[in-house]
2 protein chains.
Amino acid sequence: MSLKHTILGFLNAAPKTGYDLQKSIDLSIQHFWPSTQSQIYRTLKELEGEKLISGEIHIQSEKPNKKVYTLTAAGQEELVRWLSEPLVIPPHRSQFLVQLFFSRHLDPSIIISNLENHRNQLEKRLAFLESDEAQSRIELGRSAQEKAIYQIIIENGIHILKSEIEWANHSIGRLYKFIQKN
Amino acid sequence: MSLKHTILGFLNAAPKTGYDLQKSIDLSIQHFWPSTQSQIYRTLKELEGEKLISGEIHIQSEKPNKKVYTLTAAGQEELVRWLSEPLVIPPHRSQFLVQLFFSRHLDPSIIISNLENHRNQLEKRLAFLESDEAQSRIELGRSAQEKAIYQIIIENGIHILKSEIEWANHSIGRLYKFIQKN
DNA sequence: GGACCCATGTAAATAGTTACATGATTGC
DNA sequence: GCAATCATGTAACTATTTACATGGGTCC
């Protein structure tokens with residue numbers, strides 16, 4: 001589970017509550033590792049059980065009390081270990097391709113409209129990654145190395161989305177030609 | 001769950017056993033919707049409960065008995081409904097990008113070796129999609145429309161993998177330059 | 001005798017989503 | 001008065017993976 005290591009990664013920078021973590025995730029890695037609040041709180045408990053983080057309750061008078069988690073020495077060790085480890089790419093899944101695969105008996109116009117819908121969704125994601133909002137996050141990096149890494153990550157999304165859009169447009173064109181011939 | 005619709009899709013072509021389905025999946029959509037035997041048998045029971053398929057036991061003398069499933073009218077209806085439906089693209093997840101994101105304090109040489117490992121895995125997948133084995137599956141399509149669809153699907157994988165490899169190589173180059181400067 | 005094909009299933013673990021549930025303070 | 005922010009959690013459901021479990025027939 002990457003969420004465990006995501007949390008270790010964020011806590012390595014500074015102690016945080018579940019609530020803080022949710023905000024950090026939404027602001028940074030949400031577009032390649034989204035997470036929900038309920039999952040974060042559950043995972044924090046698991047990590048505490050494994051002694052990789054430790055929680056301490058902070059009593060606040062004006063706001064609700066909160067539980068601030070800190071990385072333990074074992075947690076930091078586990079983080080570095082995972083970061084250095086070569087990861088196996090999990091199998092690729094695309095329900096859209098499954099749909100397309102079984103569409104052989106469908107009217108080509110429906111297939112085209114599904115492809116167009118797919119492409120439009122990809123374009124929305126691309127627009128976000130190319131927006132100032134996403135680009136400005138690169139500037140959040142402190143060191144030159146950090147900036148270089150953020151840049152590379154954003155480029156990954158942009159690069160892949162563009163190529164998926166290209167494929168969709170090319171495929172739409174091909175099916176149009178197919179209709180005209182038949 | 002796409003496996004349900006995958007099964008409906010295959011049973012639409014011909015009645016099959018769980019064992020047959022596993023083989024069909026491994027031979028065709030395994031690279032964009034892999035599935036395990038245990039999941040197939042469980043899903044068959046669920047679909048039977050929903051009356052979308054119906055199973056009949058065939059007694060064999062030389063081989064173990066088998067349960068052959070057939071698509072019901074309701075099942076076919078559900079299949080066509082799902083095939084025509086615009087799908088929402090699920091959020092993108094990449095544990096590799098999570099790893100990269102937190103690698104800011106790591107030695108750049110480790111980051112590069114992780115990137116190279118990632119690229120090598122992508123290249124293996126690409127080699128498979130470009131192999132005769134994968135290409136020959138396009139010929140399995142009966143109608144011209146079916147062949148066009150198979151072609152489009154294989155191209156999707158090739159197109160995206162090539163662009164991911166491009167990105168990885170570009171990023172490796174960038175990090176190398178970074179090392180030389182510092 | 002061992003590997004592979006045919007054929008079926010259960011159980012447990014892991015990961016993630018959606019819905020439910022509460023409650024104080026701050027700003028418009 | 002209402003929405004937003006801060007803050008924490010539980011419960012139920014969905015989906016997937018891995019491991020366990022069995023057993024006959026065929027081919028080398």
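The side-chain heavy atoms of Q99(B) and N114(B), taken from C-beta on, include a pair separated by under 4.5 Å.
Checking the phosphate oxygens (OP1, OP2) of dC6(D), no side-chain nitrogen or oxygen of T17(A) falls inside 4.0 Å. Note on R93(B): a side-chain N or O is less than 4.0 Å away from OP1 or OP2 of dT17(C). Within the structure, every side-chain polar atom (N or O) of Q39(B) is placed at least 4.0 Å from both OP1 and OP2 of dA15(D). OP1 or OP2 of dT8(D) has at least one side-chain nitrogen or oxygen of Y41(A) nearer than 4.0 Å.
Under a 3.5 Å cut-off, the side chain of S94(A) and the backbone N or O of L97(A) do form a donor-acceptor pair. Of the possible donor and acceptor atoms, one in the side chain of T72(A) sits under 3.5 Å from a partner among the backbone N and O of K51(A).
A salt bridge links E78(A) to R81(A): at least one charged side-chain nitrogen sits closer than 4.0 Å to a carboxylate oxygen.
Rounded to whole angstrom, the span from the CG atom of L21(B) across to the C1' atom of dT8(C) amounts to 13 Å. Between the CD atom of Q30(B) and the P atom of dT17(D) there is a distance of 12 Å, given to the nearest Å. The interatomic distance linking F32(B) (CZ) with dT16(D) (P) rounds to 14 Å, in whole Å. E46(A) places its CD atom 14 Å from the P atom of dG9(D), with the value rounded to the nearest Å. I7(B) places its CD1 atom 11 Å from the P atom of dT16(D), with the value rounded to the nearest Å. Put simply, CG on D26(B) is 12 Å from P on dC5(C), counting in whole angstrom units. To the nearest angstrom, C1' of dT14(D) lies 13 Å from CG of L3(B). Atom CD1 in I40(A) sits roughly 14 Å away from atom P in dT18(C) (whole-Å rounding).
Of the candidates dA7(D), dT17(D), dT10(C), the closest approach to any side-chain atom of K66(A) belongs to dA7(D). Residue Q37(B) has its side chain nearest to dT8(C) when only dT16(D), dT8(C), dG16(C) are considered.
Between W82(A) and H5(A), the gap from one ring centroid to the other is short of 6.0 Å.
Each of T36(B) and K45(A) was matched to the nucleotide of DNA chain D holding its nearest heavy atom; the match closer to the 5' end belongs to K45(A).
Residue contacts shown for S38(B) include a base, since a base heavy atom lies under 4.0 Å away.
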